[in-house]
There are 2 protein chains.
Amino acid sequence: MRIDLNMTSTLNMAQIERRLAERRVRLTGGRRAVVDGLASSDGPKSAAELHRTIGGALSSLYRSLAVLESAGVIALHHSAKGFVRYELAPWIKGHHHHLLCSNCGAVDDTEMPAALEKELRGIVKRIGLRAGFKPTDHALDIEGLCTRCR
Amino acid sequence: MRIDLNMTSTLNMAQIERRLAERRVRLTGGRRAVVDGLASSDGPKSAAELHRTIGGALSSLYRSLAVLESAGVIALHHSAKGFVRYELAPWIKGHHHHLLCSNCGAVDDTEMPAALEKELRGIVKRIGLRAGFKPTDHALDIEGLCTRCR
DNA sequence: TTCCTTGCAAACGATTTGCATTGGA
DNA sequence: TCCAATGCAAATCGTTTGCAAGGAA
């Protein structure tokens, strides 16, 4: 489920720039590299993976990630194996779920058809009612074998 | 080394003992304390939380966790905030999902009614078909406000 | 005895922080 | 100019490992 880089850089990049400007957060070279790196990815990327393509000081990368996260531009994802990965926030790349390959460790995004997503929201809502819990978000991780490994 | 014999079910404990015996893994005091600590919990516990009640050396606790995990008695859970928590394996406590409170950080287990769980399995299966992915397991984390915080 | 487990301390890897330097508005 | 961003090195945090001592079979 590859995100179209051009679409992201034309349509969404303007939104990202506006959001950062509103919060007086500068979109520096390093930060833009992070956004681009994540926008052109099939799924969430770890700090180390980003660092491999971006270069520069690791600490600066972490600082960029922290700034972008608190500005709501990127989100953290914790894989089943405990790896921390980063991805563009849902309002940019859309609500989606993750396919985790138990063989090769790959994490891929998957957008669900609206009907399925609606059904899932219904389930979440009903669980909330049952448990006296007020759901605001949900994350469905599916583990199994990816296209390449099965 | 404090050993708490507050086990949820003698039945489960017998199964656990049998499984460990089969694999020639000794159920020592420290390991039993881990199992008891997890059995008496409403949700997954972090190593630090377990250590607070169990005592002893932290490294021994981690070793107990590793042994029990490779014996299939406990499972790891990575919360949305990146905290690693441990819980009894699904074959002991049943398949369930997690309610994550975004206010107080609590993680609670929730077992879904069979009908809902079946519906969820259906969704997972259909996503797998769409993406050419062969699902073996799934994890649904619901974020929101718990009973106490909402 | 001979494994296996434990405790302690040191090592480790990922991430964070202090501080001096650089760079853009 | 001035404040924010960067690089580097040191510090920190959770977790793991080496090794010697303690216990059970």
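None of these values were measured; they are calculated from a predicted model.
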Stepwise salt bridge (charged side-chain N to carboxylate O under 4.0 Å, His left out) check, B/Glu17 with B/Arg26: CA-CA 9 Å; B/Glu17 279 167 357; B/Arg26 276 194 253 166; over 6 Å; no
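- Straight-line distance from the CD atom of B/Glu49 to the C1' atom of D/dG14: 14 Å, rounded to whole Å.
- The CG atom of A/Leu65 sits 13 Å away from the C1' atom of C/dA14 (whole-angstrom rounding).
- Rounded to whole angstrom, the span from the CG atom of B/Leu27 across to the P atom of D/dA25 amounts to 13 Å.
- Whole-Å rounding puts the A/His51 NE2 to D/dT6 P distance at 13 Å.
- Here the CD atom belonging to A/Glu49 is positioned 10.0 Å from the CG atom belonging to A/Leu38, to the nearest 0.5 angstrom.
- Residue B/Phe133 holds its CZ atom at 9.5 Å from CZ of A/Arg148, rounded to the nearest 0.5 Å.
- You'll find the ring centres of A/His95 and A/His138 inside the 6.0 Å limit.
- Side-chain nitrogen and oxygen atoms of A/Thr28 include at least one within less than 4.0 Å of the OP1 or OP2 phosphate oxygen of D/dT6.
- When heavy atoms are screened at a 4.0 angstrom cut-off, A/Gly30 is found touching the sugar-phosphate backbone but no base atom.
- Rounded to an integer number of Å, the gap from CG of B/Leu61 to P of C/dT5 is 15 Å.
- As a whole-Å value, the separation of A/Phe83 CZ from D/dG14 P is 19 Å.
- To the nearest 0.5 angstrom, B/Glu117 atom CD is 9.0 Å from B/Glu111 atom CD.
- An OP1 or OP2 oxygen of C/dT5 is reached within less than 4.0 angstrom by no side-chain nitrogen or oxygen of B/Arg26.
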I'd like a list of close polar pairs between nucleotides 8-11 of chain D and the protein, N/O only, cut-off under 3.5 Å.
{"unit_1": "D/dC8", "atom_1": "N4", "unit_2": "A/Ser59", "atom_2": "OG", "d": "3.0"}
{"unit_1": "D/dC8", "atom_1": "N4", "unit_2": "A/Arg63", "atom_2": "NH2", "d": "3.2"}

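- The distance from atom CG of A/Asp36 to atom CD1 of A/Ile54, rounded to the nearest 0.5 Å, is 8.5 Å.
- If you take OH of B/Tyr62 and C1' of C/dC12, they are 13 Å apart, rounded to a whole angstrom.
- B/Val67 comes within contact range of no nucleotide atom at all, as no heavy-atom separation falls under 4.0 Å.
- Salt bridge B/Glu143/A/Lys134: absent, no basic N to carboxylate O contact under 4.0 Å.
- With rounding to whole Å, A/Ile54 atom CD1 is found 15 Å from D/dA5 atom C1'.
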